[in-house]
J.: 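Structure provided below as structure tokens; questions to follow.
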2 protein chains.
Amino acid sequence: MKKRPTKLCHRFFINLANPTRLAAIEQLMDKPMSVNELAAVLGQEQSMVSHNLKPLLQCNLITIQRQGKKHIYAVNQETLNPIFATIQTHAQKYCPAGGKCLKGE
Amino acid sequence: MKKRPTKLCHRFFINLANPTRLAAIEQLMDKPMSVNELAAVLGQEQSMVSHNLKPLLQCNLITIQRQGKKHIYAVNQETLNPIFATIQTHAQKYCPAGGKCLKGE
DNA sequence: ACTTCATATGAAAGAATGCTCATATAAAGA
DNA sequence: TCTTTATATGAGCATTCTTTCATATGAAGT
């Protein structure tokens, strides 16, 4: 923990700070999927899903595997599992009412 | 990891996806500080620091302790240490050139 | 009560993001 | 090569976020 987190982390968090991308990750955690499959599950346009997968892929938060025409995306569990586990612990402690922040909203 | 990460995590990441707030966290990791002290270290205005500390406090990513006029802020290490440790591991693997993303700026 | 120091808050301008629509690329089959 | 299917890309609008400036609150000392 001596490394300066600032620059290193900014893009990382930017990527995760978006409901669409989080929803995509959530679905991909259940199982790897193609873009259209993901779009269907999320109820959103293909182009939007594609746009949002791009930065996630660039930061290696998800991986891609091409099967002919289809591109199968999967989450980088090694990184994302511990992150979400930590947040869940945090939430259990500070956000008792099912994900609602203690202080306001 | 059965909990849906989406809604729970969004605000959490929004908070961290900001250079000013990350810089503040970075400084507070070294030592707890007052707002003015932090503003001085960061080279930024007091009001800006104050504005940015507010959401971090609301999400319990930092804590506050009032000493008379001064408000001493400190990081929630229990949550932030494992998060930053995970990111650092991720970065070591995928961002070899000192925090630079593999796949283009 | 008044002054000073420390922090918080409000509003508004500017910048950055996200989403949508249209279109481009790319692979596979006829 | 033409068509179809799957995904990616680009531009523009709308929205949200960030920052700044001005001001308010609040605590402590005189």
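Every chain is numbered from 1, with letters handed out A, B, ... down the list of sequences.
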J.: Generate the contact string for nucleotides 9-16 of chain D. Rules: B means base contact, S means sugar-phosphate contact only, - means no protein heavy atom under 4.0 Å.
T.: BB------
J.: Looking at every heavy atom in both B:Gln77 and B:Pro82, which two are closest together, and how far apart are they?
T.: O-CD, 3.7 Å
J.: Rounded to the nearest angstrom, tell me the gap between atom CZ in B:Phe13 and atom P in D:dC17.
T.: 17 Å
J.: Which distance, rounded to the nearest 0.5 Å, do you find between the CG of A:Asn81 and the OG1 of B:Thr86?
T.: 10.0 Å
J.: Starting at atom CD1 of A:Ile14, determine the distance to atom C1' of D:dC17, rounded to an integer number of angstrom.
T.: 10 Å
J.: Starting at atom CD of A:Glu45, determine the distance to atom P of D:dA6, rounded to an integer number of angstrom.
T.: 16 Å
J.: Applying a strict under-4.5 Å side-chain criterion to I, L, V, M, F, W and Y, I'd like to know whether A:Ile14 and A:Ile87 cluster together.
T.: no
J.: Of A:Gly68 and B:Arg66, whose nearest nucleotide on DNA chain C comes first from the 5' end?
T.: B:Arg66
J.: Find the distance between SG (A:Cys9) and CG (A:Asn15) and round it off to the nearest 0.5 Å.
T.: 12.5 Å
J.: Once you round it to whole Å, what is the distance between P of D:dT3 and NZ of A:Lys69?
T.: 15 Å
J.: I need the CG-C1' distance between A:Leu57 and D:dA8, as an integer number of Å.
T.: 12 Å
J.: Can you name the residues that form a ring-ring contact (aromatic ring centres under 6.0 Å, His included) with B:His90, not counting sequence neighbours?
T.: A:Phe12, B:Tyr94
J.: Shoot me the first and last contacting nucleotide of DNA chain C against chain A, ordered 5' to 3', at under 4.0 angstrom to non-hydrogen atoms.
T.: C:dG18 to C:dA28
J.: Report all side-chain donor-acceptor pairs from residues 40-56 of chain A shorter than 3.5 Å, counting only partners two or more places apart or in another chain.
T.:
from    : atom 1 : to      : atom 2 : distance (Å)
A:Asn52 : OD1    : A:Arg21 : NH1    : 2.9
A:Asn52 : ND2    : A:Met48 : O      : 3.0

J.: I need the residues from residues 35-44 of chain B with at least one non-hydrogen atom less than 4.0 Å from DNA chain D; give them sorted by number, or say none.
T.: none
J.: Any side-chain to backbone donor/acceptor pair from A:Asn76 onto A:Asn60? Under 3.5 Å, distance only.
T.: yes
J.: CD/B:Glu37 to CG/B:Leu28 distance, rounded to the nearest 0.5 angstrom?
T.: 9.5 Å
J.: Name every donor-acceptor pair, under 3.5 Å, that has one atom in a side chain of residues 65-73 of chain B and the other anywhere in the protein, sequence neighbours excluded.
T.:
none

J.: For B:Leu16 and D:dC17, what is the distance between atoms CG and C1' respectively, to the nearest whole Å?
T.: 16 Å
J.: Between atom CG in B:Asn18 and atom P in D:dC17, what is the gap in whole Å?
T.: 11 Å
J.: Distance from A:Leu16 atom CG to A:Ile83 atom CD1, nearest 0.5 Å?
T.: 7.0 Å
J.: Side chain to side chain contact (heavy atoms under 4.5 Å, CB included), that's the test. Do A:Phe84 and A:Thr89 meet it? Break it down for me.
T.: CA-CA 9 Å; A:Phe84 286 129; A:Thr89 302; over 6 Å; no
